[in-house]
Protein chains: 2
Amino acid sequence: MSEREPKPKRPPRAVDVAAAAEVSIATVSRVFNSPEKVAPPIRERVLAAAKAMGWMPHAAGSALARRRSSIVGAVIPTLDNEVFAAQVGAMQTAFAERGITLLLSCFNYNQDQARSDVQAMLARGVEALAIVGESHKPDLFADIQARHIPYVVTYSHRPGSPHPCIGFDNRQAFRKIARHLLDDGHEVIGVIIQPTTGNDRVADRLDGIRDALAERGLGIRPQHLYEGEWSIDFGRQSVRAMLETAPRPTALICGNDYLAIGALLEARAMGLAVPRDLAITGFDDIAISRQMDPPLTTMHIDNHEIGRRAAAYLLSCLQGESPTPAPPLVPTLVLRGTTGALAPARGA
Amino acid sequence: MSEREPKPKRPPRAVDVAAAAEVSIATVSRVFNSPEKVAPPIRERVLAAAKAMGWMPHAAGSALARRRSSIVGAVIPTLDNEVFAAQVGAMQTAFAERGITLLLSCFNYNQDQARSDVQAMLARGVEALAIVGESHKPDLFADIQARHIPYVVTYSHRPGSPHPCIGFDNRQAFRKIARHLLDDGHEVIGVIIQPTTGNDRVADRLDGIRDALAERGLGIRPQHLYEGEWSIDFGRQSVRAMLETAPRPTALICGNDYLAIGALLEARAMGLAVPRDLAITGFDDIAISRQMDPPLTTMHIDNHEIGRRAAAYLLSCLQGESPTPAPPLVPTLVLRGTTGALAPARGA
DNA sequence: GTCATCGATGTAAGCGCTTACATAGCTGGG
DNA sequence: CCCAGCTATGTAAGCGCTTACATCGATGAC
């Protein structure tokens, strides 16, 4: 009767377990942190007591004592883009296996938000940080470096970047896309792309396109460049507007697959044949892209792989190693049905 | 010269700030937690000192002292489904506004994983928990309840559930879909659905379909029921196999939009007219669905709203209120191009 | 049989912070 | 002019845990 505790409110603490198992609190701690140091019979007793009262070491206490939080942070623009969702999912899984918890922040493409989220994470004692892109307020990186915390920039891999990166060279990748289209014979090329301001990755993509065109003495005509939110609808609107210009572009490079899908759907709705009347390329190779009609030519990025690599890199840093960040990933151009050699305009 | 610290390694602590501002450590703490209690000039001095050394209260320390962690956990199956990604994104945003950090776990439809993730979160001292679905090991909920922390089940709202829920009644929703198809004149209805084992939401969906069919004395023929991973490809395969059976279904209910999109694409690839030869319905109304040709009839779920409501509910609990969980959301049937009245089989 | 040694356990000092309580100036009423 | 009653600040006791160090037996070499 008197054994019944009428107020089970307060969660058990290590001392309670210690009392129940008739050992000292230090032994309880050891059972959970270096079990080999405690004699098996006692170990069992402690384990049994802990299980009986549902006790686990409280993370805040051990974080303090151990000076390690076992949490890492992921800072991404938004989960609404499956690209970042996949990266975060892969990281979460990789870290969970090591008993590390993932803290998430979505900054919605807002640099101030990113900055303050990172500060909050630092205050929480994250031991490492993965951040999408490198166009952030300088303070953001300064804060991280001041803490001597390992971090990695993802989705970007600019030559000469001061940061460790896991990603690919956006500029190169788009140069490759543009060259492919040029090789197919296109000379008037339109571009639909996400906002470039404050987004290094997208700015690089546009630069890559310009590079390739410049190599052939070409450029992007202002009326053939649409910059706006990444969405299927923006892709649709842009292509509709662009096709009213003269000369009409014969090919369209889109900053990501959502835009490309919008462009493709609208072009077909307008009665154009793709790729004959208009070639279209995307970027990311999201799940739906290869299901389109015709299937979308795009560049394949392995987002889970980026997440896994970022996690592996940070994990390695946390073990005290100094891994050399891997070479850039090289996205592969997946030629599907929305591109093809341009029919010769005139002559046989 | 001697002012230079040669080892800036260790992050500053409150005592350092206190020393710099020539106040006691208590005052420093007060400046950050109840600023109105400290005289403005001193407050400024402390703030300046803190900023100068880049100090912020360390979360583990304050969590311990305050007995509040200011973190909450979200437990979802996977981020690869945009439905859950959207929910998490909305929650993260809502919590961040209140200075609360979100811990994420993806259990990949594995109940053991979910259980241990929840335990890890409890050990981390989460103050609240949002969990997708209610078909979890009973221990999972027992652990949470033993800690007396608020929690909410999302994406599910079964009548009579013992848990607070933010979601919709999956059974009702699919009953509605099936009834609609029946009203359109369909009698042979196929089903492609995600695995039902260990997934209450999906099991409810199937039950809802059965309910509606039973009302008209009908049922699902075994050869018209395909259960498997939710993916466009599974939708494709299933529809192909199903259309070889006799009698052929004239309508197809899919457990979510991915499956429906696969079914739609494959049906059209097989030369069927949709909806004339085969009506198709999805569920979730993901972004791409209304872009399909014909646009997909589906049920619209506001995933961000679920996330916001879940966050609001938990936030309210954390303020000590006892909010009555809101009534279920009612997903709306969005009739688009993949359904329509069945042409009369015979007679005028 | 004695003592050095070693392995198993306990003791206690923090980890960085918050906050109840103590204290010390002030203000102003009597 | 004194003191009750404030308010602004400081003191110190934890929060729950880990771990260096102390302690205590037991083991085995001599």
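Chain letters run A, B, ... following the sequence lines, proteins first, then strands; residues in each count from 1. Just the heavy atoms: all of them, side chains too, but no hydrogens, waters or symmetry mates, feed the values below.
- Side-chain contact check for A/E134 and A/S161: at least one donor-acceptor pair (N or O, by modelled atom type) lies under 3.5 Å.
- Comparing C/dG16, C/dT18, C/dA20 against the side chain of B/R30 picks out C/dA20 as the nearest.
- B/R124 and A/T101 share a side-chain donor-acceptor pair at under 3.5 Å.
- The phosphate of C/dC17 (OP1 or OP2) has no side-chain N or O of B/S62 nearer than 4.0 angstrom.
- Under 3.5 Å, the side chains of B/T154 and B/Q87 contain a donor-acceptor pair of N or O atoms.
- The CZ atom of A/F32 sits 14 Å away from the C1' atom of D/dT18 (whole-angstrom rounding).
- Between A/R13 and A/D16 there is a salt bridge, since at least one side-chain N of the basic residue sits less than 4.0 Å from a carboxylate O of the acidic one.
- Following rounding to the nearest Å, A/R68 (CZ) and D/dT19 (P) show an atom-to-atom distance of 10 Å.
- Remark: B/R67 is not in phosphate contact with D/dC15, judged by side-chain N or O atoms under 4.0 Å from OP1 or OP2.
- Between B/I25 atom CD1 and C/dT19 atom P the separation is 13 Å, expressed in whole Å.
- Within the 4.0 Å cut-off from OP1 or OP2 of D/dG10, at least one side-chain nitrogen or oxygen of B/S24 is found.
- The distance from atom CG of B/D16 to atom P of C/dC15 is 11 Å, rounded to the nearest whole Å.
- Nucleic acid contact for B/V28: none, since no nucleic acid atom lies under 4.0 Å from a heavy atom of the residue.
- At the heavy-atom level, A/A26 lies under 4.0 Å from base atoms of the strands shown.
- Among the nucleotides D/dG10, C/dC15, C/dC17, the one closest to the side chain of B/W55 is C/dC17.
- Here the nucleotide nearest the side chain of A/T27, chosen from C/dG10, C/dT18, D/dG10, is C/dG10.
- B/L64 places its CG atom 14 Å from the P atom of D/dG14, with the value rounded to the nearest Å.
- Both B/K37 and B/A59 sit near DNA chain C, but only B/A59 has its closest nucleotide nearer the 5' end.
- At a threshold of 4.0 angstrom between heavy atoms, the contacts of B/V23 are confined to the sugar-phosphate backbone, with no base atom among them.
- In this structure, B/N33 places its CG atom 16 Å from P of D/dT9, rounding to the nearest Å.
- Checking D/dC17, C/dC15, D/dT19 against the side-chain heavy atoms of A/H58 singles out D/dC17 as nearest.
- Side-chain atoms of B/R201 do not come within 3.5 Å of backbone N or O of B/S156 as any donor-acceptor pair.
- Of the two residues near DNA chain D, B/A65 and B/E22, the one whose nearest nucleotide lies more 5' is B/E22.
- Using a 4.0 Å heavy-atom distance criterion, A/A14 is classed as a sugar-phosphate-only contact.
- Candidate nucleotides D/dG16, C/dT9, C/dT11 were compared by shortest atom distance to the side chain of A/R13, and D/dG16 ranks first.
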